[in-house]
Amino acid sequence: MSDQRHPGARAVQSDVGLAVQTGPPPGGHGAAERGLMGRVLPYTQLAKLEFFDFYLSILVVWSLLPVTQRLAGENLLALSVFLIGEAGVVTAVMVFDDITGYLDGSDRANYLGERSGLRKLQRKPLLTGALTLSQAKLFGYASLTWGVVVWGIGILVAPHRPPWAVLLIALGIFTAVQYSWGIKFSYVGLGELLIAATPMIIVIAPYALVTGEITALVMTQALLFGLWQILVSSYSNTNDIEGDRTVGRSTVAARASKRGNRLFIGALTALDFAIIGGSAALGYTPWWFPLAMLPVMALRLRQFVGFASNGNALLARRRGVNVHRVGVGALVLVNLVYLAN
């Protein structure tokens, strides 16, 4: 496949060169960038493997299973296959998002010149020149094909195949990949909705494939899993307002005023607390669920209050990633204790 670069790639590479030169001096990475590792590393960066948060959905689903079903061979097989397929779909989403950001210039605007150290340029191998556009496209289509095929196999080997769950998986594949590719949902004002819905699907669907049903407890945790992703991306979008507005990416942050965007993030933060407290009040989760989630709520409050006081969106974004991971750990512990009775 020929290496067809975007017309603005030469200018991008020039700017990248300046950005890299002002970073840490070279020397310690030469050996790592040669040979097999040097060829594989850019693909792992393109796939954003350091952000493994989506893949934690399977751990949540496993902990939600009844105790007697957690070690059943057919259930472990179904969850394992779903996770392997999920890796393909999520990778495709990341790859196509980077391709679009590279072609329309938004990644160049949002990443070049970043000096805080909170978001590394190396995460964008198209910008650094570590991968060509042709290589990225091939990797994206291969990842999507892998995800679709493996998820199809997962449906076949699963103990249950509720039609609604199968349709949900198909819908998830169709919409997730087009977050910023094809229809480009994030460019028409539906990005936040999609960021919430996709994580919810990868909790609900595998649980349904294993058990054949859905419960209020599962729905509550799926809602939290999706909401926690928005409470990462909303801060990221806040940092990227200028670049997103330039290319027409219609995020809430890009559309709203500074105050309106802060109110939106504050409302999402309050919704997090409301779901945790409300689910216990309604009996969907154990009465002590809010107590178990106190560390998560404290970290969430710190995230928002810190952002409101210093305006550092990237720091709030990093804190959101940490809150998500602590939250998943809390959910798993709650499930192991609650469902043991």
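- Using modelled atom types, no side-chain atom of Ser234 and backbone atom of Leu231 make a donor-acceptor pair closer than 3.5 Å.
- In this structure, Phe289 CZ and Tyr338 OH are separated by 11.0 Å, a value rounded to the nearest 0.5 Å.
- Taking hydrophobic clusters as Ile, Leu, Val, Met, Phe, Trp and Tyr residues chained together by side-chain heavy-atom distances below 4.5 Å, Tyr55 shares a cluster with Ile195.
- Under the 4.5 Å side-chain heavy-atom criterion for Ile, Leu, Val, Met, Phe, Trp and Tyr, Leu291 and Ile275 are members of the same hydrophobic cluster.
- Between Phe82 and Trp151, the ring planes lie parallel to each other; the angle is under 30°, not in the 30° to 60° tilted range.
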Side chain to side chain contact (heavy atoms under 4.5 Å, CB included) evaluation trace for Asn335 with Gln221: CA-CA 10 Å; Asn335 295 337; Gln221 298 194 10; 2.7 Å; yes
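- By the 6.0 Å contact criterion, CZ on Arg302 is open, its count of non-hydrogen atoms from other residues, nucleotides or ligands being 12 or less.
- In terms of modelled atom types and a separation under 3.5 Å, the side chain of Gln45 and the main chain of Ala130 share no donor-acceptor contact.
- Ser63 and Leu336 make their closest contact through CB-CD2, 4.4 Å (heavy atoms, listed as atom of the first residue, atom of the second, distance).
- Within the 4.5 Å cutoff, the side chain of Leu76 has heavy atoms near those of the Trp62 side chain.
- Between Asp53 and Val232, the closest side-chain pair of non-hydrogen atoms is not below 4.5 Å.
- Here the closest non-hydrogen pair linking Met200 and Met219 is CE-CE, 4.3 Å.
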Leu301/Phe273 under side chain to side chain contact (heavy atoms under 4.5 Å, CB included): CA gap, chis, key distance, verdict: CA-CA 9 Å; Leu301 186 62; Phe273 298 157; 4.3 Å; yes
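- Linking Ile, Leu, Val, Met, Phe, Trp and Tyr whenever their side-chain heavy atoms come within less than 4.5 Å leaves Ile230 and Leu263 in two separate clusters.
- Note on Leu209: it does not cluster hydrophobically with Ile153, by side-chain heavy-atom contacts below 4.5 Å among ILVMFWY residues.
- Looking at Trp146, its side chain does come within 3.5 Å of a backbone N or O of Ile84 through a donor-acceptor pair.
- Summarising the geometry, atom CZ belonging to Arg70 is positioned 8.5 Å from atom CG belonging to Leu64; distances are rounded to the nearest 0.5 Å.
- Judged by distance alone, the side chain of Gln303 and the main-chain N or O of Ala316 form a donor-acceptor pair under 3.5 Å.
- The main-chain N or O of Asp244 is never found under 3.5 Å from a side-chain atom of Ser106 such that the two would form a donor-acceptor pair.
- The minimum heavy-atom distance linking Ile276 with Leu224 is given by the pair CG1-CD2, 4.0 Å.
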Stepwise, does the side chain to side chain contact (heavy atoms under 4.5 Å, CB included) test hold for Trp164 with Ile214? CA-CA 11 Å; Trp164 64 265; Ile214 197 71; 4.2 Å; yes
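- Among all heavy-atom pairs drawn from Arg245 and Ala253, the shortest one is NH2-O, 3.8 Å.
- In this structure, the side chains of Val95 and Tyr43 stay at 4.5 Å or more apart for every pair of heavy atoms.
- Between the side chain of Gln135 and the backbone N or O of Thr132 there is at least one donor-acceptor pair closer than 3.5 Å.
- In this structure a side-chain-to-backbone donor-acceptor pair under 3.5 Å is missing from Arg317 to Tyr235.
- Pairing each heavy atom of Leu126 with each of Asp98, the nearest pair is CD1-O, 3.9 Å.
- Arg39 forms no cation-pi arrangement with Phe139, by the criterion of a distance under 6.0 Å to the ring centre and an angle within 45° of the ring axis.
- Of the candidates His324, Glu86, Lys48, Phe54 forms a side chain to side chain contact (heavy atoms under 4.5 Å, CB included) with just one, namely Glu86.
- Crowding of Glu213 atom CD: a count of heavy atoms from other residues, nucleotides or ligands under 6.0 Å exceeding 12.
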Test log, rule side chain to side chain contact (heavy atoms under 4.5 Å, CB included), inputs Phe307 and Arg262: CA-CA 9 Å; Phe307 169 70; Arg262 187 168 294 181; 4.1 Å; yes
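- Put simply, the side chain of Asn75 reaches to within 4.5 Å of the side chain of Pro159, judged on heavy atoms.
- Residue Phe264 qualifies as enclosed at atom CZ: its count of foreign heavy atoms under 6.0 Å is above 12.
- Atoms CG and CG, on Leu227 and Leu223 in that order, are 8.0 Å from each other to the nearest 0.5 Å.
- Closest of all the heavy-atom pairs between Ala292 and Val334 is CB-CG2, 3.6 Å.
- For the atom pair Leu65 CG and Leu339 CG, the distance stands at 9.0 Å (nearest 0.5 Å).
- Taking the side chain as every heavy atom from C-beta outward, Thr100 and Lys184 approach each other to under 4.5 Å.
- Residues Tyr141 and Tyr102 are members of one and the same hydrophobic cluster, defined by side-chain heavy-atom contacts under 4.5 angstrom among Ile, Leu, Val, Met, Phe, Trp and Tyr.
- Using a 4.5 Å cut-off on side-chain heavy atoms (C-beta onward), Phe51 and Arg123 make contact.
- No side-chain N or O of Arg300 forms a donor-acceptor pair with one of Thr269 less than 3.5 Å apart.
- The distance from atom CG of Leu168 to atom CD1 of Ile202, rounded to the nearest 0.5 Å, is 11.0 Å.
- Geometric assessment of Arg319 against the ring of Phe304 yields a negative cation-pi assignment under the 6.0 Å and 45° thresholds.
- Between Asn237 and Val252 there is no side-chain heavy-atom pair separated by less than 4.5 Å.
- The only option from Val203, Thr220, Val61 that meets the side chain to side chain contact (heavy atoms under 4.5 Å, CB included) definition with Phe225 turns out to be Val203.
- Aromatic ring pairs are classed by plane angle as parallel below 30°, tilted from 30° to 60° and perpendicular above 60°; the pair Trp181 and Phe96 is parallel.
- Using a 4.5 Å cut-off on side-chain heavy atoms (C-beta onward), Glu192 and Thr251 make contact.
- Atom CD1 in Ile241 sits 11.5 Å away from atom OG1 in Thr246 (nearest 0.5 Å).
- The residues Asp97 and Arg249 are annotated as salt-bridged, a charged nitrogen and a carboxylate oxygen being separated by less than 4.0 angstrom.
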